[in-house]
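What follows is one structure encoded as structure tokens, with my remarks underneath.
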Protein chains: 2
Amino acid sequence: MGESLTIGELAKLGKVNLETIRYYEQQGLIPKPPRLSSGYRSFPADAVNRVRFIKQAQELGFSLREVKELLDLQVNPDSTGADVKQRADAKLADIEEKIKILQAMKKSLMNLTATCNGKSSIGDCPIIKSLNSDKG
Amino acid sequence: MGESLTIGELAKLGKVNLETIRYYEQQGLIPKPPRLSSGYRSFPADAVNRVRFIKQAQELGFSLREVKELLDLQVNPDSTGADVKQRADAKLADIEEKIKILQAMKKSLMNLTATCNGKSSIGDCPIIKSLNSDKG
DNA sequence: CTTGACCCCGTATCTATCTACGGGGTTTAT
DNA sequence: ATAAACCCCGTAGATAGATACGGGGTCAAG
């Protein structure tokens with residue numbers, strides 16, 4: 001353990017473009033890594049996890065700004081525990097909301113595949129309807 | 001019921017910009033509405049649900065292209081049930097994956113708030129680590 | 001029958017998130 | 001010690017998803 005990575009290695013392991021790494025660094029999503037005497041970046045091995053986390057969170061509909069907020073929850077050591085808790089709770093609410101909606105979508109889709117299980121025409125199976133339950 | 005909406009009303013009810021409605025129509029996410037003699041669009045009342053669905057799905061990380069695929073599941077009447085089922089199952093897998101990741105994030109966050117419950121400094125509560133369980 | 005709010009369309013502009021380019025140093029394998 | 005492969009930086013270009021602009025019709029109230 002404790003291997004360090006070049007930007008290219010990190011990009012490959014994180015399954016993103018090399019330029020994306022530089023972009024994330026610029027945006028403060030990845031801490032600025034130390035440099036070798038050559039000027040090359042030298043990333044710690046666990047930077048891979050951070051890159052993947054960013055990508056996954058994005059796929060869940062979080063903007064990079066929001067991802068940064070999530071990451072800052074664990075990084076910011078000068079914020080009080082209470083402050084962190086408050087922000088974490090807000091994120092938690094976001095997450096729970098997403099889960100709820102996804103579960104409603106899942107239910108509708110399962111209903112759709114059950115209803116239209118291999119033959120009948122569909123017309124208007126209620127994918128949309130099962131959302132929009134109550135929120136405004 | 002059966003009221004029809006102007007584009008402006010639809011935008012307001014759907015909580016999006018008016019231009020966004022035209023954009024969605026252009027992109028095939030909203031069916032082209034009939035026009036009044038004036039040329040004004042006349043949307044059915046339930047277009048609101050569609051707009052909201054689109055927004056919600058986006059917040060869950062689906063691109064507009066993917067949203068369209070979801071919507072087409074219910075609209076396309078000339079696809080066989082089996083075809084629809086296959087595509088629905090694919091979407092279902094996407095959704096379940098998202099739910100899984102969100103649940104992992106939720107767990108980590110809850111752990112974080114529990115651990116750092118109002119006082120201790122945090123340092124490196126494992127938000128990131130609990131993701132990246134196994135997928136590649 | 002005018003005024004303000006609303007709609008039309010086409011086109012241009014904006015933001016977020018990358019991705020590519022170009023000219024140059026560095027490392028590595030032969 | 002040289003060629004391939006990699007990295008640096010700054011800047012430009014690409015893509016998705018809106019948003020805005022501008023010149024002009026339309027509708028409803030007074």
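Quick note on labels: first sequence line is chain A, next is B, and so on, each numbered from 1.
- K12(A) places its NZ atom 11 Å from the C1' atom of dC6(D), with the value rounded to the nearest Å.
- For the pair T6(A) and dC6(D), the criterion of a side-chain N or O lying under 4.0 Å from OP1 or OP2 is not met.
- Mapping G8(A) and K55(B) onto DNA chain D by nearest heavy atom places G8(A) closer to the 5' end of the strand.
- Minimum atom distance to the side chain of R41(B) is reached by dC8(C), of the listed dC18(C), dC8(C), dA18(D).
- Between the CG atom of L64(B) and the C1' atom of dT15(D) there is a distance of 12 Å, given to the nearest Å.
- With contacts defined as side-chain heavy-atom distances shorter than 4.5 Å, the pair F43(A)/E25(A) qualifies.
- On a pure distance criterion of 3.5 Å, no polar donor-acceptor pair joins the side chain of R65(B) and the base of dG17(D).
- Salt bridge status for K68(B) with D72(B): present, with a side-chain N to carboxylate O gap under 4.0 Å.
- By the 4.5 Å heavy-atom criterion applied to side chains, L60(B) and M105(A) are counted as neighbours.
- Between the CD1 atom of I21(A) and the P atom of dC18(C) there is a distance of 10 Å, given to the nearest Å.
- Straight-line distance from the CD atom of Q27(B) to the P atom of dA16(D): 9 Å, rounded to whole Å.
- Atom-to-atom, CG of L5(A) to P of dC6(D) comes out at 15 Å; the value is rounded to the nearest Å.
- Taking CG of D94(B) as the start and CG of L102(A) as the end, the distance is 10.5 Å to the nearest 0.5 Å.
- Picking from dC18(C), dT19(D), dC9(C) the nucleotide with the shortest atom distance to the side chain of Y23(B) gives dT19(D).
- Taking the side chain of Q58(A) as heavy atoms from C-beta on, and the options dG17(D), dC9(D), dC18(C), the nearest nucleotide is dC18(C).
- A donor N or O paired with an acceptor N or O is not found under 3.5 Å between the base of dC27(D) and the side-chain atoms of Y40(B).
- Rounded to an integer number of Å, the gap from I7(B) CD1 to dC6(C) P is 13 Å.
- A heavy-atom distance below 4.5 Å is found between the side chains of F53(A) and L70(A).
- Closest approach to the N17(B) side chain among dT19(D), dC7(D), dG10(D) is made by dT19(D) (side chain taken as heavy atoms from C-beta onward).
- Across the protein-nucleic acid pair, L18(A) atom CG and dG10(D) atom P stand 15 Å apart, rounded to whole Å.
- OP1 or OP2 of dT19(C) has at least one side-chain nitrogen or oxygen of T20(A) nearer than 4.0 Å.
- Taking side-chain N and O atoms only, S38(B) has no distance below 4.0 Å to OP1 or OP2 of dG25(D).
- Heavy-atom nearest nucleotides on DNA chain D were determined for Y24(B) and for R35(A), and the one closer to the 5' end corresponds to R35(A).
- Here the side chain of E19(B) is nearest to one of dT19(D), dT17(C), dC8(C), namely dT19(D).
- For the pair I54(B) CD1 and dG17(D) C1', the computed distance is 12 Å after rounding to whole Å.
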